[in-house]
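So the structure is just underneath, and the comments pick up after that.
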Amino acid sequence: MRRQRLELVAASFLMLFVELVAIRWSGAWVVHLSYFANFVLLGSFLGIGIGFLRAHKGPDLFAWSPVVIALFLGLVAAFPAQIDRTGGDLVFFGVRQTGLPAWVLLPLVFCATAASLATVAHGVAVRFQRFPPLEAYRLDILGSILGIVAFSVLAFTGTGSIGWGVVIVATSLWLLGKPSPLQLVALVSLLAVLALGTFSDETIWSPYYRLRLGHAEGLVAVDANGVPHQAAVRTQGTDYELPYDRIATAPDRVLVVGAGNGNDVAVALRQGASRVDAVEIDPKLMEIGERFHPEQPYADPRVRQFVDDGRAFLERTDHRYGLIVFALPDSLTLLSGQSAVRLESYLFTREAFQAAAEHLEPQGAFTIYNFYREQWLADRLAGTLTEVFGERPCFDLGESRGLGEVGRLSVFVASADPETLRCEERWDPQDRSVVAPAVDDRPFLYLQERSIPPRYLVALALVLLASVVFIRIGGGSFRPMFRYADLFFMGAAFLLLETKSVVQFALLFGTTWLVNSLVFVGVLLSVLLAIEVERRIRIARPGLLLGVLFLGLSVAWLIPTGSLLGLPIVPRLLAAIAISFFPIFVANLIFAERFRDTEDPTSWLRGRRPGRRASNSYRTRAQPDPRQVTRTRRESSGARPQGSLEATNRRRPVAAEPTQGEGLLAVLENNTGWRRIAGDVNGVVYSATSLR
């Protein structure tokens, strides 16, 4: 039994880990997926659902997992894609499209993701059914927690994709026992593909990107996930100096948010700053600057380096500055697969600009620049600056890049003191309509209208259609599922709660990968705590829990997240944990109360995403397979079950957990058959995205 417990934990660990690898690996090679990680996430949900639907069916899909995963990883690396510069409702900044067309590549990635996770999930499902429901659920959550921790440790140590390969191969070998020659070849191939992703020339894996360096004409160019991102250059005489030409007095203290490889830091030092605070969310970009920047700004003792989210730094620091620079802090990836919040989303809101203004000296100035192709986007930022500082900002157009395709450099410099600025030209919207500022409650700078872009709707419709077809093929009729619509909506609500927690903690503590990982671990620990409570205490009045849940949700709704920003760090953390995780804990108490009596625990997990564990589930009935009943009689008489796909079905009395024999007798006496859960809802949070 100890071996079986370890196998379930290991299989759940592997399932979560493979999903995280799928999201990260796909985004590194297919730029579309850096911004639409929900696409891979939904494919993972679908695959996991199919795997659990087939828990009582052959063949053994887990035996094929090394082959399918290796093919998936190889496919993505063999056909990389870069996004084009499509305008419209969403703004994309990037380079020309390469590789297969998006309409071909994205469906292939979606299906390959679903197939990969289906094979691993089948192995989890087979092992899940060997235990009483709550015990299996508990072991599954433990495996999920370990999966997040392992992936986070590898991100922290910077081992790159080769580390993922070692973990997947080692775990698969232990679960397979005696792998076949085909499985061994597939595992070696899998490891080789991921090793190439690590040891390719000038490749660096940061916690956020696959970075590649290029050296030419004395400068170092940095690509992130296949998109030109930064270049370490000599800055004298360049447009980096424009903000200093627009302020009356050279600043003594400068804050650079989005310091990257150090270009803006080098300019601040040359302008005579006695102290420069350089804030960068990606530690690897700073390391590149330390190694390769021609002016070596990070070696200067006047510079203090901070690996942190810019908004979080502004909320925590007490220092004031003569100049604050938001230096091209647009990212090339999302905070997480569930939310459409980007790493820099909370830097471009009205509240973020207000936080910057509060950290300026009386004659201080604030500057932001980027290459804007859309007039409405530049106007939106300038309008936000005007609202916050009470004065129209200075406006300069710098050099054009990419033959006009990327756009001309737009530099805005703002100050509350009119005497601080020396403007040749101020921003003037003339007769143009200015889009309202982005705010913390809706931090989607690149979405022009408060609407869902048509491309999202089309993509979602296609995903739902494909899911219906695949679930119908893999799981049978949908009709019996409708009686469990309450669990359907419970799952959808739970996923929204989880996404809200991710977004809320990003605002309160930063959009760093570490904060994101800790939130998911916290959610999982809340679920685990609910399971442990339910295993020991039978709630006599489940309706009371619904009232408590409603109370927790009401408190979370009534207290604006932004109101917690004024609290010191420790009270803010405690308040955020209570507001975010209490409803999740109560919701899982409610779910565990229902789940503990489930006759077929494997079917509950249809569509469930370990690591995003959802309460969403359906349950349906089917007539028992006569061959399964024969096996059940044989097992109840003491015979050892044969084959990895055979299951023990348990039905529980209300008062106490039954022994294995009691569960088997309940099946035979009541002739209830097998229950299968076959559906869930996964929320998609929409926002605009941008490539640079």
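The shortest side-chain heavy-atom distance between Val109 and Thr113 falls under the 4.5 Å cut-off. Inter-residue side-chain proximity for Leu495 and Phe45 is flagged as met; some heavy-atom pair is nearer than 4.5 Å. Residues Ser44 and Ser116 have side chains not in contact (no heavy-atom distance under 4.5 Å, counting atoms from C-beta outward). The shortest side-chain heavy-atom distance between Phe520 and Val502 falls under the 4.5 Å cut-off. Side-chain atoms of Val167 and Phe13, non-hydrogen and from C-beta on, do get closer than 4.5 Å to each other. At a threshold of 4.5 Å between non-hydrogen side-chain atoms, the residues Arg54 and Ile50 count as touching. Side-chain contact between Ile204 and Tyr209 is absent, with no heavy atoms from C-beta onward closer than 4.5 Å. At a threshold of 4.5 Å between non-hydrogen side-chain atoms, the residues Pro107 and Phe110 do not count as touching.
For the salt bridge (charged side-chain N to carboxylate O under 4.0 Å, His left out) test, no residue two or more places apart in sequence or in another chain qualifies with Arg212. Every residue two or more places apart in sequence or in another chain that forms a salt bridge (charged side-chain N to carboxylate O under 4.0 Å, His left out) with Glu7 is listed here: Arg3, Arg127, Arg130. Glu290 pairs by the salt bridge (charged side-chain N to carboxylate O under 4.0 Å, His left out) definition with nothing, not counting sequence neighbours. Glu532 meets the side-chain hydrogen bond (donor to acceptor under 3.5 Å, both in side chains) test with Arg138, Arg535, Arg536; sequence neighbours excluded. Under the rule for a side-chain contact (heavy atoms from CB on, under 4.5 Å), the partners of Leu514 that lie at least two apart in sequence or sit in another chain are Thr512, Leu518.
When all heavy atoms are compared, the tightest approach of Ala125 to Ala55 is CB-CB, 3.6 Å. The shortest non-hydrogen separation linking Phe509 to Leu573 is CZ-CA, 3.5 Å. Nearest heavy-atom pair, Leu191 versus Gly165, reported as atom, atom and distance to 0.1 Å: CD1-C, 3.5 Å. Closest approach of Gln504 to Ala576, counting heavy atoms only: NE2-CA, 4.5 Å. Contact detail for Thr203 and Gly197: the closest heavy-atom pair is CG2-O, 3.3 Å. Considering every non-hydrogen atom in both Glu202 and His215, the closest pair reads OE2-NE2, 3.3 Å.
Donor-acceptor pairing under 3.5 Å is lacking for the side chains of Ser144 and Ser12. Between the side chains of Ser517 and Ser152, at least one donor N or O sits under 3.5 Å from an acceptor N or O.
To the nearest 0.5 angstrom, Tyr137 atom OH is 8.5 Å from Phe128 atom CZ. Note that CG of Leu176 and CG of Leu187 are 6.5 Å apart. Values are rounded to the nearest 0.5 Å. The distance from the CG atom of Leu184 to the CG atom of Leu173 is 7.0 Å, given to the nearest 0.5 Å. The distance from the CG atom of Leu53 to the CD1 atom of Ile471 is 7.0 Å, given to the nearest 0.5 Å. Residue Ile168 holds its CD1 atom at 5.5 Å from CG of Leu190, rounded to the nearest 0.5 Å. The CG atom of Leu134 lies 12.5 Å from the CG atom of Asp140; values are rounded to the nearest 0.5 Å.
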Checklist entry - Should Leu14 and Leu175 be marked as a side-chain contact (heavy atoms from CB on, under 4.5 Å) after you check the CA-CA gap, both sets of side-chain angles, and the distance that decides it? => result CA-CA 10 Å; Leu14 181 63; Leu175 288 170; 4.1 Å; yes

Checklist entry - Can Leu285 and Leu211 be said to form a side-chain contact (heavy atoms from CB on, under 4.5 Å), step by step? => result CA-CA 9 Å; Leu285 288 175; Leu211 302 173; 4.0 Å; yes

Item to check | Step-by-step side-chain contact (heavy atoms from CB on, under 4.5 Å) determination, Leu106 to Val30 | outcome: CA-CA 9 Å; Leu106 293 183; Val30 182; 4.2 Å; yes

Checklist entry - Can you check side-chain contact (heavy atoms from CB on, under 4.5 Å) on Val527 and Phe585, steps first, answer last? => result CA-CA 6 Å; Val527 176; Phe585 169 73; over 6 Å; no

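With Gln230 contributing its side chain and Asn261 its backbone, the two residues share a donor-acceptor pair below 3.5 Å. A donor-acceptor pair under 3.5 Å links the side-chain atoms of Ser501 to the main chain of Leu497, judged by distance alone. Remark: side-chain polar atoms of Ser180 are paired, donor with acceptor, to backbone N or O of Gln183 under 3.5 angstrom. A distance-only check finds no donor-acceptor pair linking the side chain of Glu280 to the backbone of Val307 [under 3.5 Å]. Not a single donor-acceptor pair under 3.5 Å links the side chain of Ser26 to the backbone N or O of Ile23. The main-chain N or O of Ile162 is found under 3.5 Å from a side-chain atom of Thr198 such that the two form a donor-acceptor pair. Formation of a donor-acceptor pair under 3.5 Å by the Asn588 side chain with backbone atoms of Ile584 is found in this model. Side chain of His122 to main chain of Leu61: a donor-acceptor pair is present (N/O by atom type, distance under 3.5 Å, no hydrogens or angles). Between the side chain of Thr157 and the backbone N or O of Val153 there is at least one donor-acceptor pair closer than 3.5 Å.
Using a 30° and 60° split on the angle between ring planes, Phe581 and Phe505 fall in the parallel class, below 30°. Ring pair Trp25/Trp29 is tilted by interplanar angle, where 30° to 60° counts as tilted.
For residues 163-196, the pairs satisfying ring pair (Phe, Tyr, Trp, His ring centres under 6.0 Å) are Phe151-Trp164, Trp164-Trp205, with sequence neighbours left out.
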